[in-house]
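These notes concern the structure reproduced below.
These values consider heavy atoms only, across backbone and side chains, with no hydrogens, waters or symmetry-generated copies. Note on naming: letters A, B, ... go to the chains in the order of the sequence lines (proteins, then strands), and numbering restarts at 1 for each one.
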Number of protein chains: 2
Amino acid sequence: MSQDQYTLKDIAKVLNLSPSTVSRALRDSHEISEETKRLVLEYATKVNYRANPLARGLKERKSYSIGIVVSEIANNFFSQVIDGIESVAYHKNYQVVISQTNESAERERFHVEHFYSRSTDGLLMAMSSESSDNSYLESLMERGMPIVFFDRIPKQVKSHQVITDNKRAAYESVQFLVKKGCKRIAMLSSSKKLSNSQERLEGFKLGLIAQHLEFDENLVQYCEYGGLKQSEIDLAISRFAELDYDGIFLSGDKLTTGYLQALRKYPKLAKKPIEIVGFTNSNLVDIFSPKITAVRQSAFEMGKKAAELLIEQIESRGKEVDFKTVLLPVELIEAE
Amino acid sequence: MSQDQYTLKDIAKVLNLSPSTVSRALRDSHEISEETKRLVLEYATKVNYRANPLARGLKERKSYSIGIVVSEIANNFFSQVIDGIESVAYHKNYQVVISQTNESAERERFHVEHFYSRSTDGLLMAMSSESSDNSYLESLMERGMPIVFFDRIPKQVKSHQVITDNKRAAYESVQFLVKKGCKRIAMLSSSKKLSNSQERLEGFKLGLIAQHLEFDENLVQYCEYGGLKQSEIDLAISRFAELDYDGIFLSGDKLTTGYLQALRKYPKLAKKPIEIVGFTNSNLVDIFSPKITAVRQSAFEMGKKAAELLIEQIESRGKEVDFKTVLLPVELIEAE
DNA sequence: GTGAAAGCGCTAACAA
DNA sequence: TTGTTAGCGCTTTCAC
């Protein structure tokens, strides 16, 4: 990096070759002699040659960059996913471009179209909670833009998907609570509309059935905004207070932390200690109080897997792909 | 977005103009008649024309993208900074490309050079803790790559810098502790080498002086790895245990959470309750236990400010800039 | 006020 | 096996 960027032409001139030969040599083409390849490679390494990605992208209609669309970056779960994405992209030489929607469908669309006009090679998306009309995404994909969805996936789209095995996670949470001696288990859930929530609720019910426990609709409270508004949680909790329960399953990150915050705020609502199991990807559960058992999603893995699938799809260049739905496990982490 | 990307040529053909005229019209050049401009603009809007950023970048040596280099993305503080950066970039129409170094100087350099070869327009960097030789950064800047440093800045570089007012933050933390009745205040510090740490230590001392308290070297423990290794913290804490102190100032994010984790692990080390003040940008301090007072950096603001300065510098196109050092305040958040 | 042409750095079809 | 040429989509100098 001790001087300005070398180009193919520069190298060609020095070695008395043509730019195309140099190009081919660098791409290890079979039609170039070993001797020439060696020469080119040697010199290229020496001057630290880097192909100009803009030029290459312009030519190849490829930018070697992938876009991420999430609702918020400053979020334990998403930032861990992004970490995973970056780690894969780094090794495969793709740039990672981020964008956030703040849960706005309009902003989501803006970003997606922007990525498109930038010849971004592919997209990794977790849908904003507000989005409903996804037809524009389908038409994009039809026109050849690979999109891999993770965490929050739109309905009925043909694409790779990487999600948490929500049903199983909820099921196991119940098993855990029962093992701890709980007989009446409450649940704090997000909006019934979200696929995530539905699956977790289903797993919750199955978990109860497996333990021959009755499902009591009163013991489930729904938060339309998934805990984005603390007031929602406060309300839910005050409703719970009148009921008798000895364990609770919190089915979302914000619900978990919101629940704990509410307990702090209204200590009398927490008359007796109960067993708490909740989704959260915070790294700091071990210093939370009261103690909870964390349902930790494989966020990093999710990012990795999604990025791998995306890059694979990108590099298969429009060949028929058979779309996968990858289910990732959660980990129950019990505070000591 | 209902068909494939239009090009200048497409528009030119339809309107019976030359591509160059269309280009000029779109860039609002004075040498194009109002009438033509109107025509072009109208049609361009109609077909939702977007200039191909790769082609433009290749030509203009500009990519309308800025790069972020941080040690880790999945980190409360940094992800909040990135949030701030994105919010500015979004409005100014720049893409945000992320990269992480995992504290490796080598990886840092790799990323920076990569950004350079990608014609990234500018960089936002928080140095990795491992980096020492920054001469390559200087030569980069000399060759016209704008870099704005935030949080962790290299020594002696001429550039914009956005950092926390560390001295003041530490000073105020001490005032706070004294107001709470503390007489013997301990401090857990990062490596003496880091500028951040030095400033916080200095503020700590000044704070003591202002309260006519004596600075006792024994009451300060240094963690070479800033708390990255829990063992470091455990050791420091066990040393503290033998001393008599009634308040502690934790001068870094990982130190704060690590300290709390250690208290949980070795409850006997926390013989008597003491007042705790510590840096942390976690949103969950209110559910930590024991209760602490959080020193919260203006992370979002830091990202915003840094991005604003960077884009301003980019768009001033190599004009002489007079470099600013922006000091941001912290907020002390007391648990209820 | 508009157009023709060159060129940014790269790849690939075609020639030799 | 290597070189020549054209062209990706854009901007800009130079001509008209």
Side-chain angles (χ1 to χ4, degrees), chain A residues 3-41 43-44 47-65 93 116-121 144 315 317, chain B residues 3-41 43-44 47-65 93 114 116-121 144 317:
Chain A
Q3 83 130 76
D4 246 25
Q5 211 70 339
Y6 276 76
T7 69
L8 283 183
K9 226 158 99 185
D10 295 333
I11 300 185
K13 201 177 293 171
V14 173
L15 300 181
N16 249 313
L17 290 166
S18 78
S20 50
T21 304
V22 177
S23 168
R24 281 184 275 237
L26 288 172
R27 331 190 89 238
D28 202 25
S29 157
H30 62 272
E31 42 186 11
I32 300 293
S33 76
E34 287 308 317
E35 174 61 7
T36 308
K37 275 187 195 169
R38 201 183 49 70
L39 235 62
V40 171
L41 216 66
Y43 186 73
V47 301
N48 195 20
Y49 168 79
R50 312 267 174 148
N52 179 323
L54 270 62
R56 181 187 279 186
L58 182 59
K59 181 72 192 174
E60 293 185 329
R61 320 201 105 57
K62 192 164 184 297
S63 59
Y64 289 93
S65 68
N93 255 292
Y116 179 70
S117 75
R118 283 252 187 187
S119 340
T120 306
D121 297 336
E315 303 197 331
R317 280 283 191 189
Chain B
Q3 85 130 76
D4 247 24
Q5 211 72 337
Y6 276 77
T7 69
L8 282 185
K9 227 158 95 185
D10 296 332
I11 300 186
K13 202 175 294 171
V14 172
L15 300 181
N16 250 313
L17 291 167
S18 76
S20 46
T21 303
V22 176
S23 169
R24 281 186 275 238
L26 287 172
R27 331 192 87 237
D28 203 24
S29 157
H30 60 273
E31 41 186 11
I32 299 294
S33 75
E34 287 309 317
E35 173 61 7
T36 309
K37 275 186 195 169
R38 202 184 48 70
L39 235 62
V40 170
L41 217 67
Y43 187 72
V47 301
N48 195 20
Y49 168 79
R50 311 265 175 152
N52 179 323
L54 271 64
R56 180 188 280 186
L58 181 60
K59 183 71 191 173
E60 291 185 330
R61 323 199 105 57
K62 189 164 187 303
S63 60
Y64 288 92
S65 68
N93 254 294
H114 202 248
Y116 179 70
S117 73
R118 281 250 187 187
S119 338
T120 306
D121 297 336
R317 279 286 191 189

Please state how far atom [atom1] in [X] lies from atom [atom2] in [N], giving the value in whole angstrom units.
| X | N | atom1 | atom2 | answer |
| --- | --- | --- | --- | --- |
| A:Lys59 | C:dG7 | NZ | C1' | 14 Å |
| B:Leu58 | D:dT11 | CG | P | 11 Å |
| B:Leu54 | C:dC10 | CG | C1' | 12 Å |
| A:Leu8 | C:dT11 | CG | C1' | 9 Å |
| A:Arg118 | D:dC10 | CZ | P | 13 Å |
| A:Lys13 | C:dG9 | NZ | P | 11 Å |
| B:Arg56 | D:dC8 | CZ | P | 19 Å |
| A:Ile11 | C:dT11 | CD1 | P | 11 Å |

Report the distance from atom [atom1] of [X] to atom [atom2] of [Y], rounding to the nearest 0.5 Å.
| X | Y | atom1 | atom2 | value |
| --- | --- | --- | --- | --- |
| B:Asn52 | A:Leu58 | CG | CG | 6.0 Å |
| A:Leu8 | A:Arg24 | CG | CZ | 11.0 Å |
| B:Leu17 | B:Leu39 | CG | CG | 7.5 Å |
| A:Leu54 | A:Lys59 | CG | NZ | 15.5 Å |
| B:Arg118 | A:Tyr64 | CZ | OH | 9.5 Å |

Ignoring hydrogens, what is the shortest heavy-atom contact between B:Lys9 and B:Pro19? Give both atom names and the distance.
CG-CG, 4.3 Å

Of all heavy-atom pairs between A:Val40 and A:Leu15, which one has the smallest distance, and what is that distance?
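Nearest heavy atoms, A:Val40 then A:Leu15: CA-CD1, 3.8 Å.
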
Looking at DNA chain C, which of residues 17-25 of chain A put a heavy atom within less than 4.0 Å of it?
A:Ser20, A:Ser23, A:Arg24

Given 3.5 Å as the limit, does a donor-acceptor pair link the side chain of A:Lys62 with the main chain of A:Arg56, or not?
no

B:Ser119 side chain vs B:Ser63 backbone, donor-acceptor pair below 3.5 Å:
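The answer is no, because no donor-acceptor pair under 3.5 Å joins these two groups.
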
Considering the terminal five base pairs at each end of the helix from C:dG1-D:dC16 to C:dA16-D:dT1, what angle separates the two local helix axes, rounded to 10°?
50°

Among the candidates [options], find the nucleotide nearest to the side-chain atoms of [X].
| X | options | answer |
| --- | --- | --- |
| A:Asn52 | C:dG1, C:dG9, D:dG9 | C:dG9 |
| B:Thr36 | C:dA12, D:dG9, C:dT2 | C:dT2 |
| B:Ser33 | C:dT11, C:dT2, C:dG9 | C:dT2 |

Counting only side-chain N and O atoms of B:Arg27, is one of them less than 4.0 Å from OP1 or OP2 of D:dT11?
yes

Taking only side-chain N and O atoms of B:Arg61, does any of them lie within less than 4.0 angstrom of OP1 or OP2 on C:dG9?
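For B:Arg61, the contact criterion (side-chain N or O under 4.0 Å from OP1 or OP2 of C:dG9) is met.
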
Note: for B:Glu31 and A:Tyr49 on DNA chain C, the residue whose nearest nucleotide lies more 5' is B:Glu31

For B:Ile32 and for B:Glu60, find the nucleotide of DNA chain C with the closest heavy atom, then tell me which residue's nucleotide is more 5'.
B:Ile32

Considering every strand and a 4.0 Å limit on heavy-atom distances, what is the contact class for B:Asp10: base, sugar-phosphate, or nothing?
nothing

What pairs with A:Tyr49 under ring-ring contact (aromatic ring centres under 6.0 Å, His included), at least two apart in sequence or on another chain?
none

